[in-house]
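First comes the structure, then the notes that go with it.
Computed from a predicted structure; not experimentally measured. A, B, ... follow the sequence lines: proteins, then strands. Residue 1 opens every chain.
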2 protein chains.
Amino acid sequence: MLDEKDKSALHDFLLREGLKFSAQRLKVLEVVRRGARHLTAGEIYKHTQAKYPGIGYATIYRTLRLLCQAGLCVELKCEDGVCRYEYAGGAVHHDHLICTKCGRIVEVVDPEIERLQERLFKVNGFLPQRHRMELYGICNRCKK
Amino acid sequence: MLDEKDKSALHDFLLREGLKFSAQRLKVLEVVRRGARHLTAGEIYKHTQAKYPGIGYATIYRTLRLLCQAGLCVELKCEDGVCRYEYAGGAVHHDHLICTKCGRIVEVVDPEIERLQERLFKVNGFLPQRHRMELYGICNRCKK
DNA sequence: TGATATCTTGATAATGATTCTCAAGTTCAA
DNA sequence: TTGAACTTGAGAATCATTATCAAGATATCA
Ligand SMILES: [Zn+2]
Ligand SMILES: [Zn+2]
Ligand SMILES: [Zn+2]
Ligand SMILES: [Zn+2]
């Protein structure tokens, strides 16, 4: 169900941190890996229930945090106050273009913007860590 | 305490929307206008209490939403899940550079980035509405 | 292969920011 | 001045996320 690469990336991370492997953690990774992108914790909970009945909400949240630390997942704090998660194993950074009518999310990346962001960090004496850029507008389907 | 311009901008907005003027609304606007930038609703509540004892939390939240609609205030959804507000009467758009150690917030704007963002909207067939860009790093004071 | 120390889990309670409810108080156009 | 419509404050409700903790699973080492 899951690439060996993903599974061993999880294993390696757990070992490195002195943590333990579990079926639950693997199932959550599977859902994040195979499911749609930008799922909420609640959606991930439901999908994981199908593969592992009885799993609890707390485990979903704990595991998502773990996967983020392992670099296998990225958390996106949305304007509606709900976090969404997406698989990030070996994926490149990207930003989001979001339709305010239908909620459609398009992933974008502009190398020139990325470069200018780095410059902003430097000019202001900051050590760059990460950034978040969300562009809100109305998509072509909703413009009519 | 407040520019006539701010006061009448509030009045105009309320009139236009069929809403009513109140001392509470004026005081909240005053706090947002005169106080520090990027205050949380809780901080605005405390500051407003000093000027208008007895004001309730609900009124603070309701008024902040109103001021945002009126274009007098801008809401910033922060990573810690708490919203911060800043006066926006006639102010220009800006983005935020945030120190992950001390929480310091520097306001920045890069016209070139703004231009490229517009291009991203167009290229993807979106009608631009707004955007949010936050750069997270460690500021020079915290780098040591 | 056990014993065991440590980590993980699920149920549930707690948290904390924000929103809702509603009776009582205000505003303002007529 | 009057009254319909809007606001307010107190407290309850919401809702995503965290914390708690006893019971269960994992991995290490003899
Ligand atoms: Zn980017
Ligand atoms: Zn994405
Ligand atoms: Zn900008
Ligand atoms: Zn600002």
Side-chain angles (χ1 to χ4, degrees), chain A residues 7-8 10-29 31-32 38-70 73-85, chain B residues 7-8 10-29 31-32 38-70 73 75-85 103:
Chain A
K7 197 167 166 179
S8 70
L10 176 58
H11 253 118
D12 291 353
F13 172 77
L14 294 173
L15 206 62
R16 203 181 318 134
E17 299 287 320
L19 304 175
K20 292 176 179 172
F21 183 82
S22 78
Q24 290 94 324
R25 286 173 176 175
L26 188 60
K27 291 301 174 192
V28 173
L29 173 55
V31 168
V32 169
H38 313 121
L39 294 179
T40 64
E43 289 163 343
I44 292 171
Y45 170 76
K46 287 197 203 83
H47 294 173
T48 310
Q49 274 284 335
K51 297 176 171 241
Y52 194 99
I55 195 168
Y57 251 105
T59 301
I60 298 294
Y61 278 104
R62 282 186 292 235
T63 305
L64 287 172
R65 197 185 325 173
L66 215 63
L67 295 179
C68 287
Q69 286 166 15
C73 179
V74 157
E75 183 189 75
L76 173 64
K77 299 232 176 201
C78 288
E79 281 211 332
D80 60 5
V82 186
C83 290
R84 276 151 232 275
Y85 299 85
Chain B
K7 197 167 167 181
S8 68
L10 176 58
H11 253 119
D12 292 351
F13 172 77
L14 294 173
L15 207 61
R16 203 182 317 133
E17 299 288 321
L19 303 175
K20 292 175 178 171
F21 183 82
S22 77
Q24 290 94 325
R25 287 174 175 173
L26 189 61
K27 291 302 174 193
V28 173
L29 174 55
V31 168
V32 169
H38 313 120
L39 294 179
T40 65
E43 288 163 343
I44 291 170
Y45 170 76
K46 287 198 204 83
H47 293 174
T48 310
Q49 274 283 338
K51 296 175 172 245
Y52 195 98
I55 196 167
Y57 253 105
T59 301
I60 299 294
Y61 278 103
R62 284 185 293 233
T63 304
L64 287 171
R65 197 185 324 172
L66 216 63
L67 296 179
C68 288
Q69 286 166 15
C73 179
E75 183 189 77
L76 173 65
K77 300 232 176 203
C78 289
E79 280 210 333
D80 60 5
V82 186
C83 290
R84 275 152 234 272
Y85 299 86

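C/dC7 atom P lies 17 Å from atom CZ of A/R16, rounded to whole Å. Whole-Å rounding puts the A/L66 CG to C/dT8 P distance at 8 Å. Whole-Å rounding puts the B/L14 CG to D/dC6 P distance at 12 Å. When the P atom of C/dT9 is taken as reference, atom NZ of A/K27 falls 14 Å away, rounded to whole Å. Rounded to whole Å, atom P of C/dT8 lies 13 Å from atom CG of A/L67. Rounded to whole angstrom, the span from the CG atom of B/L26 across to the P atom of D/dT8 amounts to 12 Å. Separating the CZ atom of B/R25 from the P atom of C/dT26 is a distance of 15 Å, rounded to the nearest angstrom. Atom CD in A/E75 sits roughly 15 Å away from atom P in D/dA16 (whole-Å rounding).
The side-chain hydrogen bond (donor to acceptor under 3.5 Å, both in side chains) contacts involving residues 12-24 of chain A comprise A/Q24-A/Y52, where partners must be two or more places apart or lie in separate chains.
The distance from atom CG of A/L76 to atom SG of A/C83, rounded to the nearest 0.5 Å, is 8.0 Å. Atom CG in B/L29 sits 10.5 Å away from atom NZ in B/K27 (nearest 0.5 Å).
In the helix from C/dT1-D/dA30 to C/dA30-D/dT1, the end axes, each obtained as the rotation axis mapping the C1' atoms of four pairs onto the next four within a five-pair block, lie 30° apart to the nearest 10 degrees.
For A/R84, the salt bridge (charged side-chain N to carboxylate O under 4.0 Å, His left out) partners at least two apart in sequence or on another chain are A/D80. Shown here are the ring-ring contact (aromatic ring centres under 6.0 Å, His included) partners of B/F13, two or more places apart in sequence or in another chain: there are none. Every residue meeting the side-chain contact (heavy atoms from CB on, under 4.5 Å) condition with B/L14, not counting sequence neighbours, appears here in chain and number order: B/L10, B/L19, B/F21, B/R25, B/L66.
Side-chain N/O atoms of B/Q24 include none lying less than 4.0 angstrom from OP1 or OP2 on C/dT26.
Between A/A41 and A/I60, the shortest heavy-atom contact is O-CG2, 3.8 Å.
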For a quick test of your reading: what N or O donor-acceptor pairs under 3.5 Å do the side chains of residues 43-50 of chain A make, sequence neighbours left out?
residue: A/E43; atom: OE1; partner: A/T40; partner atom: N; Å: 2.8
residue: A/E43; atom: OE1; partner: A/T40; partner atom: OG1; Å: 3.4
residue: A/Y45; atom: OH; partner: A/Q49; partner atom: NE2; Å: 3.1
residue: A/T48; atom: OG1; partner: A/I44; partner atom: O; Å: 2.6
residue: A/Q49; atom: OE1; partner: A/G54; partner atom: N; Å: 3.3
residue: A/Q49; atom: NE2; partner: A/I55; partner atom: O; Å: 2.8

Heteroatom pairs (N/O) under 3.5 angstrom, protein to nucleotides 11-21 of chain C:
residue: C/dT18; atom: OP1; partner: B/C83; partner atom: N; Å: 3.0
residue: C/dT18; atom: OP2; partner: B/Y61; partner atom: OH; Å: 2.4
residue: C/dT18; atom: O5'; partner: B/Y61; partner atom: OH; Å: 3.3

Could you run down the sub-3.5 Å N/O contacts of the protein with nucleotides 23-30 of chain D?
residue: D/dT26; atom: O2; partner: A/K20; partner atom: NZ; Å: 2.9

